[in-house]
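For ligands, and for the atoms within them, numbers begin at 1 and follow the listed sequence.
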Amino acid sequence: MTAVGFLGLGAIGAPMATHLARRGPLVVWNRTATRATEFARRFGARAAATPREVAGQVEVLITCLPSSREVEALLDGRDGLLAGLRSGTLFLDCTSGDPATSRRLAARLAERGVAFADAPVSGGTNGAEAGTLTIMVGADPATFARARPVLDAFGSRIEHLGDVGAGHAMKAVNQALLAVNILAVGEGLAALAKAGVSPRVAVDVLNQSSGRSFVSQSLVPERVLTGHWPKTFRLALLDKDVGIARELFRDTGVEAPVLEVTGEILSRARAALGEEADYLEAIRLVEVQAGVELRG
Ligand code: NDP
């Protein structure tokens with residue numbers, strides 16, 4: 001049975017890895033080692049002390065870290081992945097990373113006979129728990145064919161979007177659209193509240209009308225209106241994603257003034273709310289600035 005290694009047991013990485021643990025041999029590594037040992041104990045995996053130790057024991061490696069920078073940094077050093085990687089290994093990066101770094105990573109790994117695919121995910125921590133994530137893959141066709149049955153453990157829609165980097169480009173644009181929507185829905189509801197319309201009624205009407213979206217249909221009713229703000233996805237990570245999208249627009253020469261402004265607002269929100277704030281808390285800043293509360 002194929003042995004899989006998983007590095008990065010964060011908010012989304014951990015529930016993704018549980019599906020792999022149910023399927024077969026799994027070796028896990030996490031920067032904060034206690035998370036890996038606790039995961040191994042609960043789900044019947046093996047915890048490795050270093051990335052090198054993981055690489056030496058598996059045929060498939062999966063990373064799920066904040067950005068491509070952290071993934072690339074795991075390669076080097078005495079205890080790094082390259083010190084343990086064997087030729088023929090499949091390397092799947094489920095980080096929401098950036099296309100340029102992934103292309104560089106793929107080239108470095110190819111020199112060692114290791115195939116690489118970028119495979120960022122969408123669907124949130126709920127989707128990871130349910131094993132129903134959408135996975136956006138950038139890879140050559142042969143690598144995609146090898147990746148699909150592995151990704152199938154935690155994904156229900158696995159899409160091959162093009163060569164290495166295409167998955168990350170797709171994910172960054174998705175995140176940018178999510179960010180635009182969060183801010184725009186927050187601003188719209190704040191203005192309606194000040195105009196005397198109850199936020200709950202406004203959301204109901206919006207969701208029967210053409211302005212509706214995932215934000216208005218799911219996120220706002222479940223969190224903003226209830227005043228229940230779980231931490232599932234850090235605002236800092238969404239800000240990072242929009243930064244990747246802005247880079248993509250610059251690289252492709254597409255003018256994107258809406259996204260530029262969104263990126264600036266998000267970066268300010270991140271500075272104000274800190275690295276641990278949840279992404280939807282960006283709406284809290286809209287509330288404060290407008291002097292309204294949308295709970296209700
Ligand atoms: P978290 O912040 O919850 O976890 C980050 C993980 O990366 C932790 O395991 C952390 O280790 C590890 N890490 C952080 N810095 C380093 C480093 N320098 N070297 C090694 N390991 C490091 O993030 P998420 O799990 O939420 O997100 C992971 C990726 O998935 C991101 O790219 C994110 O954008 C993406 N994503 C997240 C979603 C979500 O709903 N949360 C949805 C879709 C995509 P430690 O335990 O030591 O802190």
Side-chain angles (χ1 to χ4, degrees), residues 5-18 28-40 45 47-55 61-77 79-81 92-99 101-102 105 118-137 151 154-157 167-179 182 214-215 218-219 222-223 229-245 266 270 274-281:
F6 199 102
L7 299 96
L9 299 167
I12 198 146
M16 285 159 66
T18 58
V28 293
W29 175 86
N30 195 68
R31 180 183 60 175
T32 305
T34 47
R35 276 187 166 176
T37 46
E38 175 57 17
F39 181 97
T50 62
R52 173 188 183 161
E53 200 183 307
V54 182
L61 258 182
I62 302 179
T63 41
C64 192
L65 302 180
S67 74
S68 296
R69 191 169 358 112
E70 287 83 16
V71 177
E72 193 167 32
L74 281 196
L75 256 53
D76 300 309
D79 290 328
L81 289 171
L92 307 175
D93 182 22
C94 291
T95 303
S96 300
D98 70 273
T101 307
S102 285
L105 264 171
D118 46 311
V121 304
S122 181
T125 51
N126 287 341
E129 277 156 26
T132 56
L133 293 170
T134 296
I135 311 184
M136 309 168 197
V137 185
L151 297 172
F154 45 80
S156 57
R157 175 160 192 167
H168 282 156
M170 179 76 231
K171 173 68 181 175
V173 171
N174 178 75
Q175 296 302 93
L177 298 182
L178 172 66
I182 288 171
F214 169 67
V215 175
S218 293
L219 295 179
E222 286 163 17
R223 303 187 186 197
W229 302 78
K231 287 186 191 295
T232 59
F233 175 49
R234 293 189 294 119
L235 175 66
L237 294 173
L238 184 60
D239 178 47
K240 170 262 311 181
D241 291 336
V242 178
I244 296 169
L266 267 194
R270 176 180 181 174
E275 292 298 294
E276 296 306 319
D278 187 68
Y279 70 130
L280 223 59
E281 289 178 48

Evaluate [X] for polar contact with ligand 1, using N/O atom pairs at a separation under 3.5 Å.
X	value
Arg31	yes
Thr95	no
Ala11	yes
Phe233	no
Leu74	no
Gly124	no

Side chain, backbone, both or neither: which applies to Leu7 and ligand 1 if a contact is any heavy-atom pair less than 4.0 Å apart?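 For Leu7, no heavy atom sits under 4.0 Å from ligand 1.
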Using a 4.0 Å cutoff against the non-hydrogen atoms of [X], which atoms of ligand 1 qualify?
X	value
Glu70	15 (N), 16 (C), 17 (C), 18 (N)
Cys64	28 (C), 29 (C), 30 (O)
Leu65	7 (O), 12 (C), 21 (N), 28 (C), 29 (C), 31 (C), 32 (O)
Gly10	3 (O), 4 (O), 8 (C), 9 (O), 25 (O)
Thr32	45 (P), 46 (O), 47 (O)
Asn30	8 (C), 9 (O), 11 (O), 45 (P), 46 (O), 47 (O)
Gly8	9 (O)
Arg234	2 (O)

Quick check: does any side chain N or O of [X] sit under 3.5 Å from a backbone N or O of [Y], one acting as donor and the other as acceptor?
X	Y	answer
Lys240	Ser96	yes
Arg234	Glu275	yes
Ser122	Thr134	no
Gln175	Ala172	no

Measuring from [atom], which candidate in [options] has the nearest non-hydrogen atom?
atom	options	answer
atom 33 (C) of ligand 1	Leu133, Leu237, Asp241	Leu237
atom 35 (C) of ligand 1	Ser68, Ser96, Pro120	Ser96
atom 32 (O) of ligand 1	Pro66, Ala128, Ala236	Pro66

Judged by non-hydrogen atoms, does Ser122 sit under 4.0 Å from ligand 1? no
Could a heavy atom of Lys171 be found less than 4.0 Å from some atom of ligand 1? yes
Please state which protein non-hydrogen atom is closest to [atom] and give its distance, to 0.1 Å?
atom	result
atom 42 (C) of ligand 1	Ile12 CD1, 3.4 Å
atom 41 (N) of ligand 1	Thr232 O, 2.8 Å
atom 43 (C) of ligand 1	Val121 O, 3.4 Å
atom 34 (O) of ligand 1	Lys240 NZ, 2.9 Å

To the nearest 0.5 Å, tell me how far Leu177 CG sits from Phe214 CZ.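 If I round to the nearest 0.5 Å, the distance is 13.0 Å.
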On a heavy-atom basis, which atom in [X] and which in [Y] lie closest, and how many Å separate them?
X	Y	value
Leu81	Ala55	O-CB, 3.7 Å
Ser68	His168	OG-CE1, 4.3 Å
Cys94	Leu151	SG-CD2, 4.2 Å
Ile244	Pro99	CG2-CD, 4.0 Å
Gly155	Ile135	CA-CD1, 3.7 Å
Gly80	Pro51	C-CB, 4.3 Å

The side chain to side chain contact (heavy atoms under 4.5 Å, CB included) partner of Tyr279 among Leu237, Leu178, Leu266 is Leu178
Taking NZ, NE, NH1 and NH2 as the nitrogens, is one of them in Asp278 or Arg223 under 4.0 Å from a carboxylate oxygen of the other?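 Answer for the salt bridge query: yes.
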Any side-chain heavy atom of Thr101 within less than 4.5 Å of one from Arg69? no
